[in-house]
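None of these values were measured; they are calculated from a predicted model.
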Amino acid sequence: QVQLVESGGDSVQAGGSLRLSCAESGAPVRTSVRGWFRRAPGKGREGLARIYTGTETRRYADSVKGRFTISIDNAKRTTYLQMNNLKPEDTGIYYCAAGSLGSLDSADYGYWGQGTQVTVSS
């Protein structure tokens, strides 16, 4: 069974940067998309970015476009989210996920990590 494990969450000041990692282990996931999602306090899960594992085509939510970058190292089975110019509203639990459709809808992703906390202070 596949496992997705996020790391890299931390507490930073506004304007700072963080790099999240999502490492896969176990049986390879036969899906073509990896995504990053966020659950802010008191809110639902928001899709932030996704990448096709083959073509590396990317898509971003408007809220993070120009500040966040998703990337993948297929040899290491690791997906990354580089987050720059962080804002207090970026605070939340960040999850990586694997799916087969190129959306930012959490319902289209069947495999999930446990999440990593990001806190941005003003």
Side-chain angles (χ1 to χ4, degrees):
Q1 186 173 350
V2 68
Q3 284 190 320
L4 303 177
V5 179
E6 303 94 337
S7 62
D10 205 343
S11 296
V12 297
Q13 297 221 328
S17 298
L18 284 175
R19 187 195 198 202
L20 305 183
S21 299
C22 174
E24 297 181 30
S25 62
V29 179
R30 298 189 182 277
T31 55
S32 58
V33 182
R34 300 293 181 270
W36 282 98
F37 294 78
R38 171 175 70 203
R39 187 188 297 278
K43 296 187 177 181
R45 196 170 287 184
E46 175 190 12
L48 304 176
R50 66 91 171 125
I51 186 168
Y52 279 97
T53 59
T55 63
E56 299 193 21
T57 306
R58 298 166 173 83
R59 178 181 174 185
Y60 297 95
D62 289 343
S63 59
V64 303
K65 198 174 296 182
R67 299 188 299 122
F68 291 11
T69 302
I70 188 171
S71 62
I72 189 167
D73 185 329
N74 286 302
K76 295 182 178 179
R77 297 179 65 191
T78 301
T79 307
Y80 304 96
L81 186 68
Q82 177 67 43
M83 307 186 295
N84 297 328
N85 190 22
L86 284 161
K87 304 175 181 181
E89 52 264 41
D90 293 319
T91 293
I93 302 173
Y94 283 68
Y95 301 89
C96 66
S100 299
L101 300 177
S103 76
L104 292 176
D105 186 342
S106 60
D108 291 333
Y109 291 76
Y111 301 90
W112 291 86
Q114 293 300 307
T116 186
Q117 177 71 44
V118 172
T119 302
V120 185
S121 59
S122 57

### Query
Is there a path of hydrophobic side-chain contacts, each under 4.5 Å between heavy atoms of I, L, V, M, F, W or Y residues, that connects Val64 with Ile72?
yes

In a table with atom names and distances, give each donor-acceptor pair under 3.5 Å that connects a side chain of residues 80-89 to protein atoms at least two apart or in another chain.
unit_1: Gln82; atom_1: NE2; unit_2: Asn84; atom_2: OD1; d: 2.9
unit_1: Asn84; atom_1: OD1; unit_2: Ser17; atom_2: OG; d: 3.0

### Listed partners of Arg38 passing salt bridge (charged side-chain N to carboxylate O under 4.0 Å, His left out), at least two apart
Glu46, Asp90

### Atom pair CZ/OG of Arg59 and Ser103 - distance to nearest 0.5 Å
7.0 Å

### Message
Among residues at least two apart in sequence or on other chains, which ones pass salt bridge (charged side-chain N to carboxylate O under 4.0 Å, His left out) with Arg19?
### Response
none

### Message
Show me the pairs that pass ring pair (Phe, Tyr, Trp, His ring centres under 6.0 Å) and involve residues 40-64, at least two apart or across chains.
### Response
none

### Task
Please name all residues satisfying salt bridge (charged side-chain N to carboxylate O under 4.0 Å, His left out) with Arg58, sequence neighbours left out, ordered by chain then number.
Glu56

### Summary
Looking only at heavy atoms, the pair that brings Thr78 and Ser21 closest together is CG2-CB, 4.2 Å

### Message
Taking side chain to side chain donor-acceptor pair (under 3.5 Å) as the definition, give me every residue that meets it alongside Lys65, ordered by chain and number, with sequence neighbours left out.
### Response
Asp62

#### Entry: Shortest non-hydrogen separation from Arg45 to Ser106 and the atoms involved
CD-CB, 4.2 Å

### Query
Under 3.5 Å, side chain of Asp108 to main-chain N/O of Gly99, donor-acceptor pair present?
no

#### Entry: Pair listing, side chain to side chain donor-acceptor pair (under 3.5 Å) test, anchored in residues 113-122, at least two apart
Gln117-Thr119

### Message
If hydrophobic clusters are built from ILVMFWY residues whose side chains come within less than 4.5 Å, do Leu4 and Ile93 share one?
### Response
no

#### Entry: Single-linkage hydrophobic cluster Leu18~Val120, side-chain heavy atoms < 4.5 angstrom
yes

### Fellow cluster residues of Val5, listed by chain then number, with links counted only when side-chain atoms sit under 4.5 Å apart
none

### Leu20 with Ile70, same ILVMFWY side-chain cluster at under 4.5 Å
yes

### Query
By ring-ring contact (aromatic ring centres under 6.0 Å, His included), which residues pair with Tyr109, not counting sequence neighbours?
Phe37

### Message
Enumerate the disulfide (SG to SG under 2.5 Å) contacts for residues 7-112, please, sequence neighbours excluded, ordered by first and then second residue.
### Response
Cys22-Cys96

### Task
Write out all pairs satisfying ring pair (Phe, Tyr, Trp, His ring centres under 6.0 Å) with one or both partners inside residues 83-102, taking only residues at least two apart or from two chains.
none

### Task
Tell me whether Val12 is reachable from Leu48 by hopping between hydrophobic residues (I, L, V, M, F, W, Y) whose side-chain heavy atoms are closer than 4.5 Å.
yes

## Note on the structure
Residue set satisfying side chain to side chain donor-acceptor pair (under 3.5 Å) with Thr31, at least two apart, ordered chain then number -> Arg34

